[in-house]
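First listed ligand is number 1; within each ligand, the first listed atom is number 1. Values in this document were obtained by computation on a predicted structure and should not be read as measured data.
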Amino acid sequence: MLTKIQKIGEQSLAEAKELLLQGECVAFPTETVYGLGGDARSDEAVEKIYRVKGRPQDNPLIVHVHSEYDLHSLIYDDQPYVKRLREAFLPGPLTLVYRSRGKVSAKVSCGLDTLAVRIPEHPGAQRFLKYVDIPVAAPSANRSKHVSPVSAQHVYDDLNGKIPLILDGGPCSGGIESTVCDVTGSYPVVLRAGLITREMIEHAVGRCDAYVPKEGERVRSPGMKYKHYAPACETRLFSSAAVSEALAALNEAVRSGRRVRVLCEDCIAGAFPAEMVLNLGNDGIEMAENLYRLLREAEACADLLIAVEPHERGGIMTGVLNRLQKACAGE
Ligand code: AMP
Ligand code: MG
């Protein structure tokens, strides 16, 4: 199959709609990462999404709709705080997990009675979702377990030959996947950290917990148990207090002839040879935006990536650190 990359416009949108209605997958930009979209109402289209990505069958998908879509036709909205949450943060990089009305393919939620819905704010995503005007199931448009794509070229590098069309909306500014927040209970619970932070949600509605799986409990965020976001090269992760250990590891690897890159925050970059540094930047917003692009740069030119954790904790850094740790974790 030929994979085309096309800028978003009347013609490419018409083509995207036709493809989706035929049960094909189309990649599209959002403010977080690129999504691999399919018609959420169709079992066949949803199966294709899993197949194209090589995604485990028990990791549910997020349904994307435009901001005027009749959300309540898809979900039950039982909790009084949810409206306030939507008003504060949507459209935006926040996915809410509701009780499902069962109006989309059961394969979207992998048999759960909940449905995760996101209303992205990216103008290209809004335009695409309005044009097709159906619920679009979409995970990140990468091969399962690989680094998420933040440009059309990244999608192409992973899925060339497997999908017919990539809608190109330029690089993603957010950089890490949406916050996933369960709103079925009496207060919201963050299942996956992201750009809308637990602290921001707490500020908006008074209480918000972060989900911590308990021993033996059925996991509420199936996607979080997998190895994820991993570059093709070997990785080693050092804590923010272990800069000298990271430098020693770098020197040893260079002596044995390996091609090395160092991923670290700006304030410690000076400790490493400049030509080897992939600089994450200074704050959570910059680091989120840069992380996946730099992980992909690392795998393109290095055998070994030495990553040093940024020192800041909480807020957006919760999501950034979570992705970095998973990217550098073993199987
Ligand atoms: P991705 O599409 O790769 O960004 O991953 C989607 C994330 O949303 C995964 O972590 C899923 O586990 C989570 N998710 C999707 N649907 C649900 C749901 N119904 N309940 C809980 N988590 C969900
Ligand atoms: Mg993903």
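- Ligand-side atoms of ligand 1 in range of Val180: 8 (O), range being under 4.0 angstrom from any heavy atom.
- A salt bridge links Asp77 with Arg86: the closest approach of a Lys/Arg side-chain nitrogen to an acidic carboxylate oxygen falls below 4.0 angstrom.
- There is a side-chain donor-acceptor pair under 3.5 Å between Ser67 and Gln126.
- No salt bridge links Arg258 with Glu252; every basic N to acidic carboxylate O contact stays at or beyond 4.0 Å.
- Partners of Ala40 according to the side-chain contact (heavy atoms from CB on, under 4.5 Å) rule, which considers only residues two or more places apart in sequence or in another chain, are Val63, Val104, Val108, Pro135, Ala137.
- Ion pairing of Arg261 with Asp303 is absent here, as no side-chain N (NZ or NE/NH1/NH2) approaches a carboxylate O to less than 4.0 Å.
- Listed by first and then second residue, the ring-ring contact (aromatic ring centres under 6.0 Å, His included) pairs that reach into residues 271-294 are Tyr229-Tyr292, sequence neighbours excluded.
- When each atom of ligand 1 is checked for a heavy atom of Asn59 under 4.0 Å away, the hits are 9 (C), 11 (C), 12 (O).
- The ring-ring contact (aromatic ring centres under 6.0 Å, His included) search around Tyr34 returns none, not counting sequence neighbours.
- Inclusion of Ser109 in the set of residues having an N or O under 3.5 Å from an N or O of ligand 1 is not warranted.
- For the side chain to side chain donor-acceptor pair (under 3.5 Å) criterion with Arg99, the lone passing option out of Asp78, Thr114, Thr184 is Asp78.
- Below 3.5 Å of separation, one finds an N or O of Arg55 facing an N or O of ligand 1.
- Checked by atom type, the side-chain pair Gln153/Asp157 shows a donor-acceptor distance below 3.5 Å.
- Using a cutoff of 4.0 Å between basic side-chain nitrogens and carboxylate oxygens, Lys83 and Glu87 are scored as salt-bridged.
- Counting only distances under 2.8 Å, and ignoring water, the protein N, O or S atoms around the Mg ion (ligand 2) are Ser140 OG.
- Not close to ligand 1: His228, with no non-hydrogen atom less than 4.0 angstrom away.
- Below 4.0 Å from some heavy atom of Ser140 lie the following atoms of ligand 1, by number and element: 2 (O), 3 (O).
- For ligand 1, the atoms closer than 4.0 angstrom to any heavy atom of Thr114 are 18 (C), 19 (N), 20 (N).
- Less than 4.0 angstrom separates some heavy atom of Leu191 from each of these atoms of ligand 1: 21 (C), 22 (N).
- Below 4.0 Å from some heavy atom of Pro139 lie the following atoms of ligand 1, by number and element: 2 (O).
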